Structure formats: C-alpha cells, structure tokens
Amino acid sequence: MAVTEPAPVELPPAHEGILRRQALRESAARTYARSLPIVPVRARGMTIEGADGRRYLDCLSGAGTLALGHNHPVVLEAVRKVIDSGAPLHVLDLATPVKDAFTTELFSTLPREFADNARIQFCGPAGTDAVEAAFKLVRAATGRSELLAFTGAYHGMTAGALAASGGATDVRVTRLPFPHRYRCPFGAGGERGADIAARWTEYLLDDPKSGVPEPAAMILEPVQGEGGVIPAPDGWMRRMREITRERSIALIADEVQTGVGRTGTFWAVEHSGIVPDVMVLSKAIGGSLPLAVIVYRSELDLWQPGAHAGTFRGNQLAMAAGAATLAYVRENRLAERAGTLGARMLAALQALSADHPSIGDVRGRGLMIGIELVDPEAGPPTVTAENGSAPPPDPALATAVQQECLRRGLIVELGGRHGAVVRLLPPLTLTDEQATAVVDRLADALRAAERSPYRRAAAGPTR
C-alpha cells in the first residue's frame with residue numbers, strides 16, 4: 001500500500017510571523033508598530049524595504065532622528081572608523097578624541113553668541129533625559145522649582161518631562177497658552193492671538209494674586225511637533241525671551257525635533273534670532289544613534305559633580321555618527337535646502353485644499369509639515385480661526401489617510417490634540433522627485449480615504 005505524502009502546509013510569510021510574535025511578546029505600550037504593520041529589513045536614504053518585499057518612502061524618519069535618512073554613507077563610514085580603530089565604545093563621561101570632535105562640531109553650528117559662553121552636559125540616550133537634566137540644572141541654579149510650559153507641548157515620557165507636556169496636572173508646572181493661528185484659544189489667531197497670549201503670560205507672572213510662584217524656567221518648542229506641527233510666531237518668541245530675561249527666568253528651548261536643519265535654519269531659534277539660556281538637543285544630533293545633551297549658559301553651571309549622570313552618556317558611536325551628520329548638514333547647506341523644498345511642499349499641499357474641504361489647515365516650517373484634517377459637516381465650528389471658523393478635527397479620516405498612504409508605499413505619522421494632523425518629517429536629503437512623489441501619494445490617499453466608509457470603521461472616542 002502506497003504511503004500518501006501529507007499535503008504541504010502553507011506557512012504564513014515570515015513577516016506575518018514576526019508581527020504576530022511582536023503582538024504576543026511586546027507590551028501594550030507599543031505605538032508605531034500598531035499603525036505601521038511592516039517589518040523593515042533594508043533601508044537607504046528615504047526608502048525602506050519590508051520583509052514582504054514592499055518598498056516605502058519614509059516620511060517619519062525615526063520621528064525626526066534621521067536627518068540624512070537611513071544608512072547614509074558618511075554616517076556608516078564614521079561608525080566603521082571608530083570600530084576599526086579599536087577605540088573604547090564605552091567610556092562613561094571620560095574625554096576622548098571622538099567626544100572632542102563631536103563637541104567642537106556641535107558648538108560650531110550653534111548661534112555664536114550662545115556658543116561662546118556655553119557648557120555642555122552629556123545625558124542619557126533619550127531626549128527626555130536631557131529635558132530632565134535641564135529642569136534639574138535650572139532648579140539648582142535658581143533655587144526655585146516652579147516651571148512654565150505651554151498647552152500642546154511635548155517634552156518626553158519620563159515623569160518630569162510629562163509633567164511639562166500637554167495634559168499633565170503637576171502643580172509645579174504652570175500652563176501657558178501657545179499661539180495657534182488656526183485654533184487660537186482666544187478666537188483671534190494671527191498676530192492678535194499671539195499678542196494676547198504674550199500679554200496673558202506677563203499678567204500671570206506679574207500679578208501677586210495669580211497663584212503662580214516665581215518660576216525657575218520656561219520651556220518651549222519653536223515648533224510644536226506632537227502638538228500638531230504648530231510653528232511659534234517669531235515675534236512671540238522674541239516676547240517670551242524679553243519676558244523671561246526681564247524676570248530672571250531661564251528660557252529652555254526644546255530643539256529635540258526641530259534641530260539640525262529640520263525647519264530651514266540649523267536651529268529653529270535662529271528664525272526669531274533669540275538666544276535661549278538652555279538648549280535641549282537629541283534625535284538628529286546622534287546621526288541615527290542614541291544621544292542627548294543640554295547646552296547652556298555657563299552662569300547656570302552651578303550644580304555639583306554627579307548631579308546628573310548616566311551610564312550610557314558616553315556613546316562613542318553616536319558621537320562619531322553625530323559629528324559626521326552635523327558636518328554634512330552644515331557643509332551641504334541642507335538647512336537652506338529644507339527651507340526651500342519645505343515651502344514648495346507646503347504650497348503644493350495648500351493647493352489641494354481647494355478640492356478637499358476636509359483639509360482644514362496646512363502648516364509647518366521647513367521639512368516639518370502638518371496637514372490638519374477636519375469634518376466640515378460635523379456640527380458647528382468648535383473654535384474661531386484667524387480667517388474664520390474652524391470645523392471640528394476628524395481623527396478617523398486622518399487614520400484612514402495614514403493607512404491609505406501605507407498601501408501606496410508612504411509612511412506618515414499622526415499628531416495633534418485629537419490625532420487629526422498628518423505629519424511629514426522626511427529626511428533633509430529628500431530629492432525633488434521624492435518630494436513630488438510624497439505629495440502625489442498623499443493626495444491620492446486622501447481621495448481614497450474620503451471615499452471610504454472610514455467613519456464607521458474608525459468610530460470611537462478621539463485619542
């Protein structure tokens with residue numbers, strides 16, 4: 001009797017198994033993996049290839065970390081050079097030639113008035129650790145503990161950083177209004193809204209019955225990223241600098257996401273010409289590897305040895321990759337390129353709004369772009385904008401657009417108060433052709449999402 005061979009079992013593709021095991025093993029706190037179910041196996045520049053063979057244009061760039069895109073040759077060469085040299089890879093905070101080269105290159109990019117009288121503290125590997133260090137620094141230097149932060153802010157995921165972010169209730173942080181042209185909290189928008197926000201800040205600080213203790217510092221983002229890609233008006237930034245200087249309040253600029261050319265200048269504070277007391281830097285400064293620092297006025301350098309430490313604050317590979325990235329951006333004028341190409345993309349996206357009432361606002365600076373999607377038919381407007389009424393945000397449509405983008409080989413992220421802002425953070429090495437492809441794929445995805453029954457599929461509370 002012949003033995004019948006069993007029918008071959010059809011196994012799922014390898015990437016499906018990886019995704020399934022990730023869902024079973026990793027925590028419920030995972031984020032990007034939920035909306036981007038891909039398994040990257042190769043990447044170069046702006047392109048990612050998944051384990052299933054599909055290719056994607058990456059407009060997330062490691063949440064702004066990859067200034068030069070994936071695996072840029074100058075970054076790879078810098079890392080190989082350190083490895084091949086036999087240099088120690090872990091040195092705590094000891095001085096090394098690699099660290100010296102990184103610090104020298106970093107200081108050469110900073111505003112001259114700031115760099116000439118500055119100190120640097122190497123922190124743990126994430127930007128949130130640098131935020132914590134900045135808070136400890138200003139509290140030690142001033143003897144005060146209160147902080148000023150802004151609505152819509154995002155400064156990281158550790159306890160102190162979260163306390164200064166939007167949605168927190170920590171009583172040691174006073175929340176101030178951040179100017180918003182499209183969804184102005186005062187119903188004014190534009191310069192008028194920014195002026196009211198600045199006046200309110202002055203009033204709170206000077207009113208002896210405001211209930212606001214004398215603060216150690218004010219922390220702000222020159223462009224709010226997670227808050228919905230909201231650029232701070234330059235005039236308002238200058239007002240905040242005047243307000244803090246006149247009252248001996250340290251001004252902390254969080255440039256974790258806006259730095260290294262992202263907004264069209266090397267550092268976003270350069271648009272307004274202000275010089276902060278502390279700059280918080282991470283993401284792109286490590287050239288794709290973990291690195292975070294604070295740079296601050298030497299007069300604040302009053303903390304004791306060991307006041308802020310960390311085992312992995314001497315990441316040699318990140319410093320080498322970071323120095324190479326900073327130099328490449330500087331030498332190739334990629335900040336100016338980001339400003340020019342970003343303005344072109346903004347104009348192209350704004351032109352889409354004529355045919356898409358669901359586009360409420362297109363905003364940004366350089367290659368930090370946000371498209372706020374709205375539901376023009378969902379009841380009365382919720383807030384007054386600079387140029388009229390702003391319809392309610394539509395997070396369900398934004399989610400549908402993100403998924404339609406993924407089907408078309410485009411990776412985008414969502415942000416904003418209700419997750420209704422489609423965010424673009426392409427690498428600074430973006431080509432003209434890639435910029436056009438991003439806009440075309442996004443426009444096509446929006447058309448498809450508007451036709452789909454997305455409201456039924458994604459119904460539920462806003463996040």
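Keep in mind that the numbers below use all heavy atoms, side chains included, and drop hydrogens, waters and symmetry copies. Everything quoted here is computed from the prediction, not taken from an experiment.
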Reported [atom1]-to-[atom2] distance for the pair [X] and [Y], which is rounded to 0.5 angstrom:
{"X": "Leu326", "Y": "Thr104", "atom1": "CG", "atom2": "OG1", "value": "11.5 Å"}
{"X": "Leu36", "Y": "Asp58", "atom1": "CG", "atom2": "CG", "value": "9.0 Å"}
{"X": "Leu60", "Y": "Leu425", "atom1": "CG", "atom2": "CG", "value": "7.0 Å"}
{"X": "Met345", "Y": "Cys59", "atom1": "CE", "atom2": "SG", "value": "5.5 Å"}
{"X": "Ile411", "Y": "Gln402", "atom1": "CD1", "atom2": "CD", "value": "10.0 Å"}
{"X": "Lys283", "Y": "Ser288", "atom1": "NZ", "atom2": "OG", "value": "13.0 Å"}

Verdict with reasoning, Thr429 to Met46, per side chain to side chain contact (heavy atoms under 4.5 Å, CB included): CA-CA 8 Å; Thr429 51; Met46 192 181 179; 6.0 Å; no

Verdict with reasoning, Tyr32 to Glu413, per side chain to side chain contact (heavy atoms under 4.5 Å, CB included): CA-CA 8 Å; Tyr32 299 107; Glu413 174 58 336; 3.2 Å; yes

Determine the minimum heavy-atom distance between [X] and [Y], stating which atoms define it.
{"X": "Ala268", "Y": "Pro222", "value": "CB-CB, 3.5 Å"}
{"X": "Tyr182", "Y": "Val374", "value": "OH-CG1, 3.7 Å"}
{"X": "Leu205", "Y": "Ile243", "value": "CD1-CG2, 3.7 Å"}
{"X": "Gly62", "Y": "Leu66", "value": "N-CD1, 4.0 Å"}
{"X": "Ile249", "Y": "Arg241", "value": "O-NH2, 3.8 Å"}

Looking at [Y] and [X], is there a salt bridge between them, counting it only when a charged N and a carboxylate O are closer than 4.0 Å?
{"X": "Arg313", "Y": "Asp129", "result": "no"}
{"X": "Arg238", "Y": "Asp234", "result": "no"}
{"X": "Glu146", "Y": "Arg144", "result": "no"}
{"X": "Glu255", "Y": "Arg262", "result": "no"}

Steps toward side chain to side chain contact (heavy atoms under 4.5 Å, CB included) verdict (Thr399, Leu414): CA-CA 8 Å; Thr399 298; Leu414 304 182; 3.9 Å; yes

Would you check if the side chain of [X] reaches a backbone N or O of [Y] as a donor-acceptor pair within less than 3.5 Å?
{"X": "Ser61", "Y": "Ala63", "value": "no"}
{"X": "Gln403", "Y": "Ser35", "value": "yes"}
{"X": "Asp375", "Y": "Asp394", "value": "no"}
{"X": "Arg245", "Y": "Glu242", "value": "no"}
{"X": "Asp277", "Y": "Leu251", "value": "yes"}

Those residues that, when tested against Phe312, pass ring-ring contact (aromatic ring centres under 6.0 Å, His included) (two or more places apart): His90

Sequence neighbours excluded, every pair satisfying ring pair (Phe, Tyr, Trp, His ring centres under 6.0 Å) that has a member inside residues 270-290: none

Parallel, tilted or perpendicular: rings of Trp303 and His308 (30°, 60°): parallel

Check: Ser353/Gln350 side-chain N/O donor and acceptor closer than 3.5 Å: no

Between Thr244 and Arg247, a side-chain donor and acceptor under 3.5 Å: no

Full working for side-chain hydrogen bond (donor to acceptor under 3.5 Å, both in side chains) between Gln121 and Asp301: CA-CA 10 Å; Gln121 166 70 21; Asp301 199 28; over 6 Å; no

Working for side chain to side chain contact (heavy atoms under 4.5 Å, CB included), residues Ile285 and Thr325: CA-CA 7 Å; Ile285 67 165; Thr325 297; over 6 Å; no

More than 12 heavy atoms from other groups under 6.0 Å of CZ on Arg192: no

Could you go through residues 224-231 and list every donor-acceptor pair under 3.5 Å that involves a side-chain atom there, pairing it with any protein atom two or more places apart or in another chain?
from, atom 1, to, atom 2, distance (Å)
Gln224, NE2, Thr151, O, 3.0
Glu226, OE2, Arg423, NH1, 3.0

